[in-house]
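Numbering of residues begins at 1 and proceeds along the displayed sequence.
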Amino acid sequence: MIAFVSGPVAAVGPDIAVVEVGGVGMALQCTPNTLSGLRVGQPARLATSLVVREDSLTLYGFADDDERQVFELLQTASGVGPRLAQAMLAVHSPDALRLAVATGDEKALTAVPGIGKKGAQRLLLELKDRLGEPVGRPAAAAAAPGWGDQLHAALVGLGYAPREAEDAVGAVAPQAEAAVAAGGTPQVAQLLRAALQTLNRAR
């Protein structure tokens, strides 16, 4: 198993990072939050989890070992594959997920695309004794960067100028506000795709 990769960042995309390891570019599937901390040409160390399928080998990258561990624990629940586990970590930090499970916060889980009310109830039951208690303080989830900060950092990490990133964040703000008004959580991955479309049209 590949426990981590370390080397200069060769490229960053909307949902993938390429890290050069010994002259080989390793492509890693990452959450927007992890990608926002990467800069092309700068060294990076990402914890990894290798998912093996009959027709593919997919390497998932994480900011730290804790995030990787939670990613793997989430997949021990029935119906949770790597993509859904990554989607859960794109919406919530590891501690926020632990807190949601520990407190039976069904709404927090249904904020993740692909998880409905029944699925959330099942996951709360199955994960109750697996994720453990929150490592940090309960306010850790509230202290996480807002969607605007995450999106701006991700765009700058992709090579856009801070001003361009600000304009793109402003362009997708109505979409994010609509999600909040509907009682949901703005999905940074979706907003990033929309922001990139506005930037491509502007160029």
Side-chain angles (χ1 to χ4, degrees), residues 1-77 79-97 112-114 130-131 135 144-145 147 149-162 164-165 168-169 187-203:
M1 178 181 172
I2 302 172
F4 70 90
V5 298
S6 179
V9 178
V12 179
D15 57 4
I16 198 168
V18 178
V19 178
E20 184 179 335
V21 182
V24 177
M26 306 285 281
L28 297 91
Q29 296 284 332
C30 303
T31 64
N33 195 41
T34 297
L35 291 169
S36 70
L38 303 177
R39 298 290 182 271
V40 174
Q42 296 296 311
R45 183 187 188 279
L46 295 175
T48 58
S49 180
L50 180 63
V51 176
V52 180
R53 295 285 185 266
E54 285 186 10
D55 57 349
S56 66
L57 294 173
T58 307
L59 200 58
Y60 289 82
F62 308 94
D64 53 42
D65 291 334
D66 184 42
E67 194 173 60
R68 188 259 312 278
Q69 182 181 21
V70 170
F71 171 79
E72 293 175 347
L73 286 172
L74 290 172
Q75 293 177 72
T76 64
V80 179
R83 289 195 178 277
L84 183 55
Q86 189 179 48
M88 293 170 76
L89 285 165
V91 175
H92 299 295
S93 68
D95 248 12
L97 284 171
V112 178
R130 300 183 193 178
L131 291 188
V135 175
W147 70 265
D149 292 338
Q150 289 186 38
L151 181 57
H152 187 275
L155 289 168
V156 172
L158 287 170
Y160 290 96
E164 286 182 304
V169 170
Q187 304 302 314
V188 177
Q190 293 175 8
L191 293 172
L192 180 58
R193 281 191 284 271
L196 288 170
Q197 288 174 356
T198 66
L199 287 164
N200 288 336
R201 283 198 293 269
R203 286 187 167 182

Hey, which of V51, L28, T48 is the one that makes side chain to side chain contact (heavy atoms under 4.5 Å, CB included) with Y60? V51
Do you know the tightest heavy-atom contact between M26 and L59? CE-CD2, 3.9 Å
Quick check for you: to the nearest 0.5 Å, what is the distance between D15 atom CG and Q86 atom CD? 7.5 Å
What distance do L191 atom CG and W147 atom CH2 have between them, rounded to the nearest 0.5 Å? 6.0 Å
Between E67 (side chain) and A63 (backbone), is there a donor-acceptor pair under 3.5 Å? yes
D65 meets the salt bridge (Lys or Arg N to Asp or Glu O under 4.0 Å) criterion, sequence neighbours left out, with R68
Answer yes or no: is there a donor N or O on one side and an acceptor on the other, between the side chain of R83 and the main chain of V80, under 3.5 Å? no
Answer yes or no: is there a side-chain heavy-atom contact under 4.5 Å between V19 and S6? no
Straight-line distance of L151 CG to N33 CG, nearest 0.5 Å: 12.0 Å
Correct closest heavy-atom pair for Q187 and P113 would be OE1-CD, 3.4 Å
Could you tell me the separation between the CD atom of Q75 and the CE atom of M88, rounded to the nearest 0.5 Å? 10.5 Å
Is there a side-chain contact between T58 and R53, using heavy atoms and a 4.5 Å cut-off? no
All heavy atoms of F4 vs all of A47, minimum pair found to be CB-CA, 4.0 Å
Determine whether F62 and V70 make a side-chain contact, defined as any pair of heavy atoms from C-beta on separated by less than 4.5 Å. no
Separation between CG (L192) and CG (L35), nearest 0.5 Å, reads 8.0 Å
With heavy-atom distances below 4.5 Å as the criterion, would you say the side chains of L131 and L74 are in contact? yes
Residue pair V91 / V188, side-chain heavy-atom distance below 4.5 Å: no
Do the side chains of P82 and Q29 get nearer than 4.5 Å, heavy atoms only? no
Distance, nearest 0.5 Å, that separates OG of S36 from CG of L155: 10.5 Å
Specify the closest pair of heavy atoms between V156 and P162, including all atoms of both residues, with the distance to one decimal. CG2-CA, 4.2 Å
Could you report the tightest heavy-atom contact between V9 and R39, atom names first, then the distance? CB-O, 3.4 Å
Can any side-chain N or O of Q42 pair as donor or acceptor with the backbone N or O of L38 at less than 3.5 Å? no
Which atom names give the shortest non-hydrogen contact between G41 and P8, and what distance separates them? O-CB, 4.4 Å
